[in-house]
Amino acid sequence: MPELAEVAYYAAQWNPGLSQKILRVHTGPKPRFFRNTPPSAFAALAGTTYRHARTHGKNMLFEFSDGLWLSGHLGMTGELLTGPPEHPPTAHDHLVLYTKSTALIFRDFRMFGCVRLDESPSTPPAAWQSLPPEILNPQFTTARVAGALQRHARSPLKAFLLDQAWFPGVGNWMADEVCYQLQLNPATPSGTVDPAALRKVLRAICQKSMKTIAVDWSDPPATWLMPYRWKDGGLCPGKNCGTALVRETLRGRTACWCPVCQPGV
DNA sequence: ATCTCTGTTCACAA
DNA sequence: GTTGTGAACAGAGA
C-alpha cells in the first residue's frame, strides 16, 4: 500500500521500540528480501539501541547506536508493525527485532520490499546524502518542476509523476490524484503542463495526506479521487458530476480518471 | 485456471 | 548519452 504518507505511517509503527535495546534478531528464510546482504549480518543489531526513524519519499531509514543504520523499502505489500515481545514470526516476517517490551516486525508477503544494513559512524549512509529534494522541501521549486517537465515533455504526465528521481514518494494513487485535481487526462504530455500549478497540487496532496494518512491512517478528503478509485463502479466525486470513473492500463500501471472532468487528449 | 496489484529494475528501442 | 517502454520479479486474493 505504501506511498509517501503510508510509508511515514509505517515507519512510525516502530516508535514503541525507540530508546530500547535490541535483544534478539530474527531473519526469515528468503534471501531475496535481503538482496546482496547475507541475512546473518543483521544479527549485528542485537545489543544496539533503536534511536530514530526518518523517511525520504518511499524510503525509510532507522538509526541504531554503534553507527548502524537500517534502511528499507516497502515495495508493493510491505508493512511495519509491532507485536508482543514473544511474537512468533509468521511466514512473511522477514525481519523481527525483539526488545524487552515489543517486537519490531517487517512483514511483506510479496517480496518487492527490501532491507539493508550500513555502518557509518554519526552520519547517515552515503546513499542518503545525495537524494533529490522532497516535494515538501523548499528546494522543490517551480523552476525544478519546469525543468523536469521539459526534459520529459513527451512522457504521459501520469507515468512521469511516478519517477522517484523527480517526485519522491509519489505512487500510483497519488499520481492519479494529481491528474484528477489538475483536471488533466493522465495521458497529457508532460511538456504541456503548467509547472506552477503542478507544484501547487503536488504540495497540497502531500501536505494533506501527511496530516491524515501518515498520522492515523484516516481518510483524505471526500472530494479527492483516491477514496473511489479502487473498486469497480466508482463515481467521480466532482461537484454535480458523478460520472463513472474509467480505469485503464497506462505504461504498465492502472490509471483511473473521470472522462468528463479529465477529457482525453 | 486466470487475472490483478499503492513498486523498482533491467534490457532494449528510439 | 538520454529518454521511454514492457517484462520480470513473487504471492495472495478475486
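Letters A, B, ... are given to chains in the order of the sequence lines, protein chains preceding strands, and every chain is numbered from 1.
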- [ ] Round to the nearest Å and state the distance from A:Asp108 atom CG to B:dG7 atom C1'.
- [x] 11 Å
Task: Between B:dT8 (C1') and A:Phe33 (CZ): distance, integer Å - done: 14 Å
Task: B:dG7 phosphate, OP1 or OP2, under 4.0 Å from A:His73 side-chain N/O - done: no
- [ ] Could you tell me whether the side-chain ring of A:Phe112 sits stacked on the base of B:dT8, using a centroid cut-off under 5.5 Å and a plane angle under 30°?
- [x] no
Task: Rounded distance in Å - CG (A:Asp163) to P (C:dT2) - done: 14 Å
- [ ] Would you kindly give the CE-to-C1' distance between A:Met76 and B:dT8, to the nearest whole Å?
- [x] 10 Å
Open item on the list: Nearest to the side chain of A:Arg151, heavy atoms from C-beta on, is which of C:dT2, B:dG7, C:dG6?
Closed with: C:dT2
Task: Phosphate contact (C:dG4 OP1 or OP2) by A:His152 side-chain N/O below 4.0 Å - done: yes
Task: Nearest to side-chain heavy atoms of A:Ser155, which nucleotide of C:dT3, C:dG4, B:dT8 - done: C:dG4
Task: 5′-ward residue of the pair A:Arg154/A:Arg247 relative to DNA chain B - done: A:Arg247
Open item on the list: Regarding A:Lys158 and A:Asn185, do their side chains bring together a donor and an acceptor under 3.5 Å, going by distance alone?
Closed with: no
- [ ] Might you work through the ring-ring contact (aromatic ring centres under 6.0 Å, His included) test for A:Trp166 and A:Phe140, ending with a clear yes or no?
- [x] CA-CA 9 Å; A:Trp166 292 104; A:Phe140 188 83; 9.1 Å; no
- [ ] Consider the side chain of A:His92, meaning its heavy atoms from C-beta on, and name the nucleotide among C:dT5, B:dG7, C:dG11 that approaches it most closely.
- [x] C:dG11
Task: Nucleotide B:dC5, atom P - distance to CG of A:Asp176 in whole Å - done: 11 Å
Task: Rounded distance in Å - NZ (A:Lys231) to P (B:dC5) - done: 15 Å
Open item on the list: Determine whether a donor-acceptor pair (N or O, by modelled atom type, separation under 3.5 Å) exists between the side chain of A:Asp108 and the backbone of A:Gly113.
Closed with: yes
Open item on the list: Please report the distance, rounded to the nearest Å, between CG in A:Leu162 and P in C:dG4.
Closed with: 13 Å
Open item on the list: Nearest to the side chain of A:Gln164, heavy atoms from C-beta on, is which of B:dT8, C:dG11, C:dG4?
Closed with: B:dT8
Task: Any A:Arg32 side-chain N or O less than 4.0 Å from OP1/OP2 of C:dC9 - done: no
- [ ] Measure the CD-CH2 distance between A:Glu6 and A:Trp173 for me, rounded to the nearest 0.5 Å.
- [x] 6.0 Å
Open item on the list: From C-beta outward on A:Lys58, which listed nucleotide comes closest to its side chain: B:dC5, C:dT5, B:dG7?
Closed with: B:dG7
Open item on the list: Rounded at 0.5 Å granularity, tell me how far OG1 in A:Thr123 sits from CD in A:Glu63.
Closed with: 9.5 Å
Open item on the list: Tell me the interatomic distance from A:Lys30, atom NZ, to C:dC9, atom P, rounded to whole angstroms.
Closed with: 14 Å
